[in-house]
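Chain A is the first sequence line, chain B the second, and so forth, proteins listed ahead of strands; every chain is numbered from 1.
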Number of protein chains: 2
Amino acid sequence: MVTLRDVAKEAGVGVATASRALDPTSEHVTSSARARVLAAAASLGYRPNSSARATTTGATPMVAIVVSDIRDPYNTELIHGAISAARERGLMVTITGTDHADDDEVRVLRTLRSQRPRALVVAGARGGSNSSHAALLRELERYEHDGGRVVVAGEDELPFDTALVPRREGARQLIVALAELGYRSVSLIRPDGDSSGIRSWETGIAEGARQTGVLVDHVTHLRDVPMSRDGGYAAASDLLREGRREVEALVAATDSMALGAMAAVRSAGLTPGADIGVAGFDDVVDADDVTPGLTSVDLSLESVGASVVELATSAASERRRVRQFAARVVVRGSTPPRVSGIRR
Amino acid sequence: MVTLRDVAKEAGVGVATASRALDPTSEHVTSSARARVLAAAASLGYRPNSSARATTTGATPMVAIVVSDIRDPYNTELIHGAISAARERGLMVTITGTDHADDDEVRVLRTLRSQRPRALVVAGARGGSNSSHAALLRELERYEHDGGRVVVAGEDELPFDTALVPRREGARQLIVALAELGYRSVSLIRPDGDSSGIRSWETGIAEGARQTGVLVDHVTHLRDVPMSRDGGYAAASDLLREGRREVEALVAATDSMALGAMAAVRSAGLTPGADIGVAGFDDVVDADDVTPGLTSVDLSLESVGASVVELATSAASERRRVRQFAARVVVRGSTPPRVSGIRR
DNA sequence: CTGAAAGCGCTTACAG
DNA sequence: CTGAAAGCGCTTACAG
């Protein structure tokens, strides 16, 4: 491996000068010295050893992102925004998946501390026990205490700089949009367990309901269902079997649950959209590819991802910063206009 | 930050002993010394500085993966396999996206060399010019020459250890499956441009055709279409407009193109499946969520991802290793059985 | 088995 | 502006 020493020798300067010449922000170099060093570096194919640089300066050019599952398009969208923003700043992004295990998250964080990343990004809404929450918090605080930066992407639930996913606002807008389409009564399809993301969504739904007068059936599902396509299918099946035909639309907490609900509607011999509206949340599935297209809410996840990197790299501020983003309802065929509560 | 020195002092041993005690593979430590060091490390919350370790040993605990677009489920599946395998080995995975720009890939690789990752994984089939291919190859060889490992995930087109995505075999099996379902004549929907991935797919299709006697219409599309849903829509629309009604199925190079093709079939007033079969490739979309479900080919991408890490971490072998994986056709409603060429 | 010492490749006061 | 030197936090022969 060619080292700074080699470059310095080749350029006929000391290693200190070579180091300065290679640092674009350093001004204490004659331009001729800089030119010679740059030429030497190029001809030798020199690449600074960033580990060595990191042990000297204490700062790594990495931002570490912890997500539950890297296959989830929700996370992927966010990560994509982060990678682009990181690249603009000459940083690398490291991804770790916890596979949904809460305690694993703590373990992963501990491992990550070895890396001394410039910032640790925790993505996704937390649910789960208070004890795991406390353990997580302790680990993150320890990290910040050691001079690292912690940034949260998702909910406003941890005392660090946060890029907020606009779930509440998005859910509110969705109900408003449905009201404008003529829906007067909807039923929620949601996973069980208590996650902050779901809470935000419900809060937004309730706000929209209050604002528009839309009736929201906060039915407790007959069985516990997971946040997945199958969960949506199960919950919607139960609901339809109960025969709550006064419900004009199923409003699901995620797109995948909504897709499951659509399948359930079909299994019940009904047509999604025409007979009963279905709406999702997140707009990450290729909602145009299902039939009918799925009405959903775009949560600006790419911007959230970019913001996370911006927060991580900007000068630490004395007070906690919280970034807001816009949500946007995307109406598609799964929620056609209704005329005064009567099926079209 | 607490350092090894602090741990050693706390445990009442020298820093060398502390280092050995913390290394599970080192045997030259009394178990009592080790116990004291471990206790000290735990109570101090010590985490080894992996940059420092890396500058000492020259080896980083990172595997860097370069993909075109991190949002592509194809890549995501592969990355997920890699992350899991990496975690088992105590390694981290770094992701970089090139956003499909070939020369960007070279630039990214150059940046990555600074990181000195244990291995560089290049994922995805290459297309493009010979010049960019040459530049890429040069960069990778330089990296290997410096003692790094290069692993390719995708096609057999670069002279490094390779985990092969079973495109050829998968395409062959698909045609065989279609033949068994009664299809006698299919038309290909493929993107233009010349990529090794598409070439493999076509080779497999041709093999299947030879084996089964299925007629493959290697029609050149009327216009250039991209490898996307819209591309599939455009190509299929042209084809249907031409009125090649003797074609019994559209076989697309990717799932997204197939979804576009399905939409085109519908726009033409036909029903996908019942009137004309549609098949995709990769099985990464939630093919169950479209109606009818999309017949596709599972390419074992998660295994490919895991294999990449295995190749990257196993002892370097004097000869190049190529790993093979199985493909599996998943038949769904978009290709119902046909009775002797007559529509059911 | 153990510790002092050298060395990994950088950066950055410190004196010229 | 420039270079010799110290130091970042580790690991690992080298002598006990």
- Could you please spell out the steps behind the side chain to side chain contact (heavy atoms under 4.5 Å, CB included) verdict for B:L299 and B:F325? CA-CA 8 Å; B:L299 296 176; B:F325 296 88; over 6 Å; no

- Item | Contact list for DNA chain D against residues 31-49 of chain A - heavy-atom distance below 4.0 Å |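 Nucleic-acid contacts, sorted: A:A33.
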
- Message: Using a strict heavy-atom distance below 4.0 Å, which residues from residues 50-63 of chain B are in contact with DNA chain D?
- Response: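 Within residues 50-63 of chain B, the residues near DNA chain D are B:A52, B:R53, B:T55, B:T56, B:T57.
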
- Nearest to the side chain of B:S19 - C:dT2, D:dT12, D:dT2?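 Closest of the options to the side chain of B:S19: D:dT12.
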
- Message: Are more than 12 heavy atoms, taken from residues, nucleotides or ligands other than B:R5, located less than 6.0 Å from that residue's CZ atom?
- Response: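 Open.
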
Expected output: side-chain [X] to main-chain [Y] donor-acceptor under 3.5 Å:
X	Y	result
B:S51	B:N49	no
B:S114	A:P48	yes
A:D6	A:T3	yes

- Message: Here's a test of your reading of the structure: between A:L4 and B:E27, which maps to the more 5' nucleotide of DNA chain C?
- Response: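 The residue closer to the strand's 5' end, by nearest nucleotide, is B:E27.
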
Could you report the tightest heavy-atom contact between [X] and [Y], atom names first, then the distance?
X	Y	value
B:A312	B:A119	CB-CB, 3.3 Å
B:G45	A:R113	O-NH2, 2.8 Å
B:T60	B:A54	OG1-CB, 4.2 Å

Value in whole Å for how far the [atom2] atom of [N] lies from [atom1] of [X]:
X	N	atom1	atom2	answer
A:K9	D:dG3	NZ	C1'	15 Å
B:R116	C:dG9	CZ	P	9 Å
A:D23	C:dT12	CG	C1'	11 Å
A:R5	C:dC10	CZ	C1'	12 Å
A:D6	C:dC8	CG	P	12 Å

- Message: With rounding to the closest Å, how many angstrom separate the C1' atoms on D:dG16 and D:dT12?
- Response: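 Comparing C1' positions in D:dG16 and D:dT12 gives a spacing of 16 Å.
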
- Atom CD in B:E302, atom CZ in A:R71: separation rounded to 0.5 Å?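 Separation between the atoms: 5.5 Å.
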
- Say you draw a straight line from CE of B:M1 to CZ of B:R47; how long is it, rounded to the nearest 0.5 Å?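 Answer for the CE-CZ pair, B:M1 versus B:R47, is 10.0 Å.
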
At a cut-off of 3.5 Å, list every protein nitrogen or oxygen paired with a nitrogen or oxygen from nucleotides 13-16 of chain C, distance to 0.1 Å.
{"unit_1": "C:dA13", "atom_1": "N6", "unit_2": "A:R20", "atom_2": "NH2", "d": "2.9"}

- Task: Taking salt bridge (charged side-chain N to carboxylate O under 4.0 Å, His left out) as the test, write out the residues that go with A:D156, two or more places apart.
- Result: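 Salt bridge (charged side-chain N to carboxylate O under 4.0 Å, His left out) list for A:D156, sorted by chain: A:R320.
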
- Note on the structure: Symbol by symbol from the 5' end, with Watson-Crick or G-U pairs under 3.5 Å, [ ] crossing and | another strand, DNA chain C is |||.||||||||.|||

- Check side chain to side chain donor-acceptor pair (under 3.5 Å) between B:R116 and all other residues, then give those that pass, not counting sequence neighbours.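 B:R116 satisfies side chain to side chain donor-acceptor pair (under 3.5 Å) with no other residue.
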
- Item | B:S200 and B:E155: side chain donor to acceptor below 3.5 Å |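 The criterion, which ignores hydrogens and geometry beyond distance, is satisfied for B:E155 and B:S200.
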
- Message: With a 4.0 Å limit, can you tell me whether B:T3 has a side-chain N or O closer than that to the phosphate oxygens OP1/OP2 of D:dC10?
- Response: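 Indeed, a polar side-chain atom of B:T3 lies that close.
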
